[in-house]
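Below you'll find the structure, written out as structure tokens, and then a few comments.
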Amino acid sequence: MSILHQQFIEFAVKAGVLSFGEFVTKAGRLSPYFFNAGLFNDGERLGRLADFYAQTLLDSGVDFDMLFGPAYKGITLASSTAVALASKGRNVSFAYNRKEAKDHGEGGTIVGAKLQGRVVIIDDVISAGTSVRESVDMIRANGATPCAVLIALDRMEKSGAEGALSALSAVQEVEQSFGMPVLPIANLNDLFAYLSGSDVSAELTKFKGPVETYRQRYGVV
């Protein structure tokens with residue numbers, strides 16, 4: 001686990017964004033952990049999150065021109081990441097979409113900069129890939145090229161319903177479908193490495209076994 005990954009996991013745990021217990025996922029699975037990006041809900045937390053997004057994108061080496069945030073969570077993620085990138089010497093524009101088209105003023109569904117060049121889509125996680133597909137369609141419809149997806153956490157688990165699990169995760173399906181990389185700040189392996197650390201509290205260490213069991217059952221390579 002890289003230092004950046006470790007720092008992000010520690011930050012998410014401390015902020016209560018990454019919590020442990022028993023949680024039912026959208027797929028109906030009983031998960032020993034839960035990631036709620038909606039709890040990055042104050043200036044300090046959002047600023048630090050944006051810094052992690054920006055550094056992950058810069059470290060990836062992906063060639064990009066602007067950012068796009070799908071409504072609703074992606075709106076603050078794209079705007080705050082643009083600010084963080086500017087502080088690191090990379091000033092880029094950003095845009096986001098409305099759920100409903102506006103019929104007055106500037107009109108349309110896209111707000112912010114004109115979609116052009118190579119566009120990075122920013123979201124919190126990829127569950128079914130629906131948001132990414134919609135974003136890709138909007139970006140292409142405006143003559144631009146989606147070039148990567150930037151997310152906070154890759155759960156690295158097989159998609160599909162129980163009894164009909166795919167061999168691929170939602171992230172891997174997006175990468176194969178659209179031929180572009182998905183760039184997570186951290187993933188399930190980083191989370192497990194964190195729980196295996198010698199300096200983790202006993203209260204958290206007890207979740208190492210359940211996370212490993214969950215990873216063995218639903219995880220992808």
Return the CD1 to CG distance between Ile9 and Leu4, rounded to the nearest 0.5 Å. 10.5 Å
So among Leu183, Ile185, Val171, which one has a side-chain contact (heavy atoms from CB on, under 4.5 Å) with Ile151? Val171
Report yes if the side chains of Tyr53 and Leu85 come closer than 4.5 Å at any heavy-atom pair, otherwise no. no
Could you tell me whether the side chain of Thr25 reaches within less than 4.5 Å of the side chain of Phe34, counting heavy atoms only? no
Taking all heavy atoms of Lys158 and all of Gly219, pick out the closest pair and write down the distance. CE-O, 3.4 Å
Is it the case that one hydrophobic cluster holds both Phe192 and Phe23, taking links as side-chain heavy atoms less than 4.5 Å apart, direct or via other members? no
Asn97 side chain to Thr109 side chain, donor-acceptor N/O pair below 3.5 angstrom: no
Can we say Asp124 and Lys73 salt-bridge, meaning some charged N sits less than 4.0 Å from an Asp/Glu carboxylate O? yes
Worked verdict on Ile126 versus Val182 for side-chain contact (heavy atoms from CB on, under 4.5 Å): CA-CA 9 Å; Ile126 295 178; Val182 174; 4.0 Å; yes
Is the shortest heavy-atom distance from the side chain of Val149 to the side chain of Phe178 under 4.5 Å? no
How long is the gap from CD1 on Ile122 to CG on Leu57, to the nearest 0.5 Å? 7.0 Å
Tyr218 side-chain N/O to Thr213 backbone N/O, donor-acceptor pair under 3.5 Å: no
Donor-acceptor check, side chain of Glu22 to backbone of Pro32, threshold 3.5 angstrom: yes or no? no
Roughly how far apart are Leu77 CG and Leu67 CG, rounded to 0.5 Å? 10.5 Å
Between Arg118 and Asp63, which heavy-atom pair has the shortest distance, and what is it? NE-O, 2.6 Å
Heavy-atom distance under 4.5 Å between the side chains of Phe35 and Val17, does that happen here? yes
Look up atom CG in Leu115 and atom OG1 in Thr145, then write down how far apart they are to the nearest 0.5 Å. 10.5 Å
Please report the C-alpha distance between Val120 and Met66 in whole Å, then the side-chain angles of each, then the deciding distance to 0.1 Å, and finally whether the side-chain contact (heavy atoms from CB on, under 4.5 Å) criterion is met. CA-CA 6 Å; Val120 174; Met66 66 176 296; over 6 Å; no
Determine whether a donor-acceptor pair (N or O, by modelled atom type, separation under 3.5 Å) exists between the side chain of Thr81 and the backbone of Ala78. no
Count I, L, V, M, F, W, Y as connected when their side-chain heavy atoms are under 4.5 Å apart, and connections chain through other members. Are Val83 and Leu46 then in the same cluster? no
Min side-chain heavy-atom separation Leu49-Ser80 under 4.5 Å: no
Shortest non-hydrogen contact from Ala152 toward Phe8: O-CE2, 3.6 Å
Identify the two heavy atoms, one from Ala170 and one from Ser159, that lie closest to each other, and give their separation to 0.1 Å. N-CB, 4.1 Å
Taking only residues at least two apart or on different chains, which pairs with a member in residues 85-95 satisfy side chain to side chain donor-acceptor pair (under 3.5 Å)? Asp51-Lys88, Gln55-Lys88
Can a cation-pi geometry be assigned to Arg155 and Tyr33, taking NZ or CZ under 6.0 Å from the six-membered ring centre and within 45° of the ring axis? yes
Assess Arg29 against Tyr214: is NZ or CZ under 6.0 Å from the centre of the six-membered ring, and within 45 degrees of the ring's axis? no
Hey, could you give me the OG/CD distance between Ser169 and Glu175, rounded to the nearest 0.5 Å? 7.5 Å
In this structure, would Leu168 and Leu188 fall into the same cluster of hydrophobic residues linked by side-chain contacts under 4.5 Å? no
Taking atom types as modelled and ignoring hydrogens, do the side chains of Gln172 and Gln176 form a donor-acceptor contact shorter than 3.5 angstrom? no
Centroid separation Phe68 to Phe94 less than 6.0 Å: no
Look at the side chain of Arg133 and the backbone N and O of Gly129, then say whether any donor-acceptor pair between them is shorter than 3.5 Å. yes
Student check: side-chain heavy atoms of Leu18 and Leu191 closer than 4.5 Å: yes
side-chain contact (heavy atoms from CB on, under 4.5 Å) evaluation trace for Asp123 with Val132: CA-CA 8 Å; Asp123 216 335; Val132 174; 5.6 Å; no
Looking at SG of Cys147 and CZ of Phe64, how far apart are the two atoms once the value is rounded to the nearest 0.5 Å? 8.0 Å
For the side chain of Asp190 and the backbone of Asn187, is there at least one donor-acceptor N/O pair under 3.5 Å apart? yes
Is there a side-chain contact between Leu165 and Glu157 (heavy atoms, below 4.5 Å)? no
Is there a side-chain contact between Arg140 and Val136 in this structure, where contact means two heavy atoms from C-beta onward sitting under 4.5 Å apart? yes
At their closest point, which heavy atom of Ile121 faces which heavy atom of Ser135, and how far apart are they? CD1-CB, 3.7 Å
Could you give me the CA-CA distance, side-chain angles and deciding distance for Gln7 and Phe52, then say whether side-chain contact (heavy atoms from CB on, under 4.5 Å) is met? CA-CA 9 Å; Gln7 290 175 338; Phe52 280 113; 4.0 Å; yes
Shortest non-hydrogen contact between Ile139 and Val119, atoms and distance: CD1-CG1, 3.8 Å
When the aromatic ring centroids of Phe40 and Phe11 are compared, is their separation below 6.0 Å? yes
Taking the side chain from Asn142 and the backbone from Ala144, do they hold a donor-acceptor pair closer than 3.5 Å? no
